[in-house]
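Here's the structure we're looking at; comments come further down.
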Amino acid sequence: MSDLDQWIAKLKNCQFLTEQEVISLCTKAKEILISESNVEIVHTPVTVCGDIHGQFHDLIELFKVGGDCPDTNYLFLGDLVDRGFNSVETFLLLLAFKVRFPDRITIIRGNHESRQTTQVYGFYDECQRKYGSANIWRHCTDVFDYLTISAVIENRVFCVHGGLSPNIVEIDDVKSLDRKQEVPHEGAMCDLLWSDPEDIIGWGVSPRGAGYIFGGDITKEFNRTNNYDFICRAHQLVLEGYKTMFDDQLITVWSAPNYCYRVGNQASILELDDNLEKKFKIFLAANVEQRGLIGRHPVPDYFL
Amino acid sequence: MPKIENTTGMPINLIIDELKSDDIRKRIHSVKHLDLIASTIGPDRTKNELIPFIQELLDDDDEVLIELVDSLSRNFVELVGGQAQVLLPTFEALCRVEDASVREKAANQIKKCLTQLPDQKKVEELSIGIIKRLNDSDYYMAKNAVAILIPAIFNQVSQNNQNDLINIILKLSQDQIPQVRKFTSMYFQDLVKHFPLINETFIQNILNSFIKDEQDFIRMYIVDALIQSSKTPFFQKQQNFILNMFKQLAEDQSWRVRFYFCDKLAEIGEAVTKDGYRKNFQNYHLKFLQDAEPEMKSIAALKIERVSGLMDPEDILNKLIPLLKTIQSDTNAFVRNALASSVLALCPIIGKKNTSEQILPIFLTLLKDQDSEVRITLFKKLSLITNVLGVDSLSQSVIPALTELAQDKNWRIRASTIEVLSFFARAIGPEFLSDKVLKLLLDWMGDKVSSVRQTAIQQTAQLISILGLAWADKNLLTKIWAFQSIQNYLHRLTVLFTINQITSQLTNDYILKTIVPILQAMAKDSVANIRSNVCRTSIQLAKEKGGNIADPMKKILQTLSDDQDAEVKYQAKSALESL
């Protein structure tokens, strides 16, 4: 236990762990994640968070608004890595929380928790830069395979990273999938991590090249069949931090403020209290002072 | 010097090898531990092998060089057996690199090494050699170090050498590359300290050539040179020259020069004394407060705090304060912010009556500023005006401002405002904490942002230490304990966090009477996070209070050690074990 507490303390300071420590953490994590169902059961109260994308200091800001783990229960909807500067620290901190407090935090897999995507969008490069080799990346991507792909809160809220799939009608269809693999290019598991809601009727081709777009009728049918109040997902940037669609039957939560350090958007988290009452909390990116000194060279003289 | 311990977990040979590794991170790591290597191999081998080896690293990336110069700045003179001159070639080479911070550190290290050499002749020989070589270098950046070193050794060398150095400075001041002229200007302030070893004519010639320079960043640094020369006898002989040049800089076309001048007003005032300041520069400061450039207004407003000590109180009243009335409504928030941070410094100087008539209106206007930063800045300087006018008269006007800030959209503003409470509580006492103010505090305790709630809890603890437990219980605590029945668990947690924060101020009686029942009730809460924190609070109370508290706490922990939640169970069990 004290090892974990030490690692958590280090990571909270944005210091990354040694290779040995990471391997140890990943091994422990797999032991816990392996027993989670494809549709993990989560109880209220819980705070749901969307994409983080390696924006570590904004994650700290999120905790300042929503409360520290484990006093507050959290459900992260995936896409913890890629694009931001600190995917390593972000992922490892949340993983360490998961191992230390398995009942207080749930992590769902996003489309960026994949070997293919992380080689293009930054996580692989960051691991190389910080550790000098691809070992850490390999161990982390192995852990990705174990992450669950959906959750249900009190049998009333369905949580997934992307959206729905034409191959998933009842929730049992999700349970019967084999999730312990690299995110496939097509099929139900891929759709759940890649699809987007859209103001159309029925299903459509997704401009992302994976998953589908789906309309309000599909959403309402799915919710009615499975007795859900609404679907909670992330995956799409929302300038105001959150967006509700289809008569509140689908909510998108986005938790990476000032996305890629330039979009200037707000971020939000969704607090569900003991009685499943909804409250959105908006927050902005952490200031430069909060980010601390990222080792920078002084401005070259010829710019004075 | 004691040997340095190897805590890297790596053998010394490996660290030495990695100095030449392909991986930049490994090179940096080894360079960071140069002192360890030197300490292990001893001064002789360090002198004869390590230092020459380091010469080969000098072609490396800036990142490595930054570490290198830092590493060599630590104790290395001792590590080479006290023979500082061994390090000079390495530092000299580091004066030729692209990175400005490395060059400056290296030059300063050369200065340090030279002070540690006992033989004056040697110092002269070595320093002149270094200076001439760097000056003759093809790479113009090397002259940076020349400008730093010449003032450092000027008074330790022969007349002939001094003449040579003077000529070098003359040439540098007229170099066609602006960078080089900039270095010369920046460090000229160190050279003028050697008056009269450097003569009047020379100083005047150099300054005259700088003031005509077309680059504002070269003219800028004349301010520093003039300030330094005012501290030498040069000032007596050439007072008019100095004052006139100051005035030229104050009226310079480039706002950056005027800005730099204004920034140093307090130092200028000290150098020329109060009379000199009032006669020559006071008007410039007043002019800057009306400058077209908002940066100028801002720096001038910021300086009010320090130059007010140089001014005649009559002038403050008649000439300075009228200008402030325009500034308090300037369109730029950072200008008003600068005013907020320094205007209250005038209160102790002009006395109670004037403060009430002149400063209080400005204070009240800034208190209602639309920008919350301005209001917060004002609050931070509150004691300056309350010391003069008394706290009571102000508290009435402050409360509406506090109330508005308490509802600001930015949670950091809300959190900073909370801290103002204990300031007033300390100064006025419980009468300040009227119903209105207490309501504010309770609102903060129930804020939607966790950090604000945390700050409010800390303030509550502060208030109890100022006003006592009895007061707190009657007016505040009972309402906080009522949070137990709020539907949202995050707010129920506030009850437990508060108990944690005020443990040291609670009496055992109070705990038995009020706290124990709360904990017993919350131990049955349906949310595991609450029960987890009951464990935390119970163990804290048991350990800090002991005595008749330990038993009821143990009982609570015992019930929780059977909890269905794994984390609660674990916490309860380990808490019981530690008791």
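The structure displayed is predicted, hence computed values, not measured ones. Within every chain, numbering begins at 1; the chains are lettered A, B, ... in the order of the sequence lines, protein sequences first and strands thereafter.
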Run the side-chain donor-acceptor check on residues 10-18 of chain A: report pairs under 3.5 Å with partners two or more places apart or on a different chain.
| from | atom 1 | to | atom 2 | distance (Å) |
| --- | --- | --- | --- | --- |
| A/Lys10 | NZ | A/Glu21 | OE1 | 3.2 |
| A/Thr18 | OG1 | A/Glu21 | N | 3.2 |
| A/Thr18 | OG1 | A/Glu21 | OE1 | 3.4 |

Between the CZ atom in B/Arg412 and the NZ atom in A/Lys64, the distance rounded to the nearest 0.5 Å is 5.0 Å
Looking at A/Asp71, is its backbone amide N or carbonyl O close enough to the side chain of B/Asn529 to form a donor-acceptor pair, meaning the two atoms are under 3.5 Å apart? yes
A/Pro70 portion near chain B, given a 4.5 angstrom heavy-atom threshold: backbone
Straight-line distance of B/Ser451 OG to A/Phe283 CZ, nearest 0.5 Å: 12.0 Å
Give a yes or no on whether A/Asn155 atom CG has more than 12 heavy-atom contacts from other residues, nucleotides or ligands under 6.0 Å away. no
Note: vs chain A, highest number of non-hydrogen pairs under 4.5 angstrom among B/Ala528, B/Ser526, B/Pro178 is B/Ala528
Take atom NZ of A/Lys30 as the centre, draw a 6.0 Å sphere, and report whether it contains more than 12 heavy atoms from other residues, nucleotides or ligands. yes
Is there a donor-acceptor pair under 3.5 Å between the side chain of A/Asp274 and the backbone N or O of B/Tyr489? yes
Atom CG of residue position B/Asp22 - does it have more than 12 heavy atoms of other residues, nucleotides or ligands inside 6.0 Å? no
Would you say the side chain of B/Ser450 lies within less than 4.5 Å of the side chain of A/Asp68, judging by non-hydrogen atoms? no
Using a cut-off of under 4.5 Å on heavy-atom pairs, state which of A/Glu277, A/Lys281, A/Arg129 scores highest against chain B. A/Lys281
Tell me, do B/Asn488 and A/Glu271 make a side-chain contact under 4.5 Å, heavy atoms counted? yes
How about B/Glu373: does its CD atom have over 12 heavy atoms from other parts shown lying under 6.0 Å from it? no
Pair count under 4.5 Å, heavy atoms only, with chain A: among B/Asp23, B/Val527, B/Ile530, highest is B/Val527
If you count heavy atoms of other groups shown closer than 6.0 angstrom to NZ of A/Lys130, is the number above 12? yes
CG/A/Asp273 to CG/B/Leu490 distance, rounded to the nearest 0.5 angstrom? 9.0 Å
Run the ring pair (Phe, Tyr, Trp, His ring centres under 6.0 Å) test against B/Tyr221 and tell me which residues pass, sequence neighbours left out. B/Tyr260
Are more than 12 heavy atoms, taken from residues, nucleotides or ligands other than B/Ile177, located less than 6.0 Å from that residue's CD1 atom? yes
Side chains of B/Asp565 and A/Arg104: closer than 4.5 Å at any heavy-atom pair? yes
